[in-house]
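Working notes, structure below.
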There are 2 protein chains.
Amino acid sequence: METPRHDPAPNPAVRRLSLYLRELEAIRRTDRRTISSKQLGESLGLSDAQVRKDLAYFGQFGHPGIGYKVEELAAQVKHILGTDKTWNVLLVGAGNLGRAMMGYRGFESKGFHLVAVFDADDAKVGQKQGPFVIQPMSELNDTVQSHHVKLAILAVPPDDAQQVGKLLVDAGVRGILNFAPVKLNLPESIAVNSVDLAVQLEQLSFQVNIPPQK
Amino acid sequence: METPRHDPAPNPAVRRLSLYLRELEAIRRTDRRTISSKQLGESLGLSDAQVRKDLAYFGQFGHPGIGYKVEELAAQVKHILGTDKTWNVLLVGAGNLGRAMMGYRGFESKGFHLVAVFDADDAKVGQKQGPFVIQPMSELNDTVQSHHVKLAILAVPPDDAQQVGKLLVDAGVRGILNFAPVKLNLPESIAVNSVDLAVQLEQLSFQVNIPPQK
DNA sequence: GGATGTGAATGCATTCACAGCA
DNA sequence: TGCTGTGAATGCATTCACATCC
């Protein structure tokens, strides 16, 4: 039941895989049952060759003369990404961003289930936020164990991020989505994905400043 | 008063520029006045050569034998990114994510000033959220004009994103930070930066699933 | 004919390694 | 000696173009 993997798949290809899946799910809601690399590429601003090459890193999913079967490919990509089963996720930080994560509707349908929320602030601990009761950091280890949590969302102030990141790793978490504007210093084996909101705006600032280069 | 630009600067270099700035601002809070490419690289997990090459795309900021003067380089990088002046930013979408953006403390100090919040939902219009009163979409054009808004944050449901993106562009917005999980179809000249939260988790899922490759 | 999968060719980005300056 | 800036060399990623299959 293994998806065959040939070469080391380029990182950019893996990132695009998520976008392919997103698009495939959208197409699935229409009556279309099949799609070509050209069409899939166009909807995402990529070349047909790019799409084919990306997918071919992971297996032979296409049907010459036909294209890709939407349902089939979606299932394959989900399997590759590991989202054909549900991941339990925990959240640390019940501030602004944390609350948005608790309420975000886009996670469940994608295979991510938020199971618990933690905060270091005693004033917040015990408070109810939607379906969640904010837990103290002291309970972190137990929750990771009992819910087999592998992924966490880190939405704490910058000065706390490194320390909390370490706590998560020690508890057994293997991947962290980090919203704090700091580089986390963690073992190589831990997957870290950082989103710095101010950095996103800075990139826009740069691009908007430049004369539109023809 | 132009920063000299030599070659077309690689995109990845521009992305790292923001990280350099973040690090430089942190160092500025210490007593350190100067930093080498090696040190700056280490704090971000990059090679010294990478740092030097990136910076050299934009000018000669270093001092051989010494390194880079922290304050000086920070100012230069800010100028390159265009954040040495303040940008007025508007937000569309007063849902979960939108509220987090309104409360996010990381924007102001980085040169981004949130000036107004819009929502298509009549029930939300007129409500007060912190210092903001949610405005109706009909006022969007006026606000963009009167506040010379060039950048916007888009935090609306996926099905509305394309349409609202178009509205923003028509109103005169030049750059969009998009949180909706859809590809925006807008003119080439418009800068779009998309952050899909579910995609971020999917990438972690993939990495955590793979046997740690040595 | 219509579409995939894939070597070969091209184009970018990173790393090397060193000349040159403080 | 310490460190930058930069051509040259390497390594990745994308694009081309075509043999192959429905």
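Quick note on labels: first sequence line is chain A, next is B, and so on, each numbered from 1.
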Query - Atom-to-atom span, CZ of A/Phe61 to C1' of C/dT6 - whole angstrom - result: 15 Å

Requested in this report: Just call it for B/Gly65: base, sugar-phosphate, or nothing, with non-hydrogen atoms closer than 4.0 Å on any strand.
Outcome: base

Report summary line: In whole angstroms, the gap separating P of C/dA3 from CG of A/Leu73 amounts to 16 Å

Query raised in the report: Under 3.5 Å, is there a donor-acceptor pair between the side chain of A/Gln76 and the main chain of A/Glu72?
Result: no

**Report entry** B/Ser205 side chain to B/Leu201 backbone, donor-acceptor under 3.5 Å
**Finding:** no

Query raised in the report: In whole angstrom, what separates A/Leu55's CG from C/dT6's P?
Result: 12 Å

Query raised in the report: In whole angstroms, how far is the C1' atom of C/dT4 from the CG atom of A/Leu40?
Result: 13 Å

Give each protein N/O atom lying under 3.5 Å from an N/O atom of nucleotides 13-17 of chain C, with the pair distance.
unit_1, atom_1, unit_2, atom_2, d
C/dT14, OP1, B/Arg16, NH1, 2.8
C/dT14, OP2, B/Arg16, NH2, 2.8
C/dT14, OP2, B/Gln50, NE2, 3.4
C/dT15, OP2, B/Ser47, OG, 3.4
C/dT15, OP2, B/Gln50, OE1, 3.4
C/dT15, O4, B/Lys53, NZ, 3.4
C/dA17, N6, B/Arg52, NH2, 3.4

Report summary line: Taken to the nearest whole Å, NE2/B/His63 to C1'/D/dT4 is 10 Å

Requested in this report: From the options D/dG5, C/dT6, D/dC3, select the nucleotide whose nearest atom is closest to the side chain of B/Pro64.
Outcome: D/dC3

Query raised in the report: If only atom types and distance count, is the side chain of B/Asn88 paired as donor or acceptor with the main-chain N or O of B/His148 below 3.5 Å?
Result: no

Requested in this report: State, with a plain yes or no, whether a side-chain heavy atom of B/Pro158 is found less than 4.5 Å away from one of B/Asp160.
Outcome: no

Query raised in the report: Do side-chain atoms of A/Glu202 reach the backbone of B/Leu81 as a donor and acceptor pair under 3.5 angstrom?
Result: no

Report task. Output yes when a side-chain donor or acceptor of A/Gln39 lies under 3.5 Å from a complementary backbone atom of A/Ile35, and no otherwise. Result -> no

Report task. Taking only the side-chain nitrogens and oxygens of A/Ser36, find out if one of them lies under 4.0 Å from OP1 or OP2 of C/dA3. Result -> no

Query - Spacing between A/Asp48 atom CG and D/dC18 atom C1', to the nearest angstrom - result: 13 Å

Query raised in the report: Does A/Gln60 have a side-chain nitrogen or oxygen under 4.0 Å from the phosphate oxygens OP1 or OP2 of C/dT6?
Result: yes

Query raised in the report: What integer distance in Å separates A/Tyr68:OH from C/dG2:C1'?
Result: 13 Å

Distance-only donor-acceptor hits, side chain of residues 92-102 of chain B, under 3.5 Å, sequence neighbours excluded:
unit_1, atom_1, unit_2, atom_2, d
B/Asn96, ND2, A/Gly103, O, 3.0
B/Arg99, NH1, B/Ala94, O, 3.1

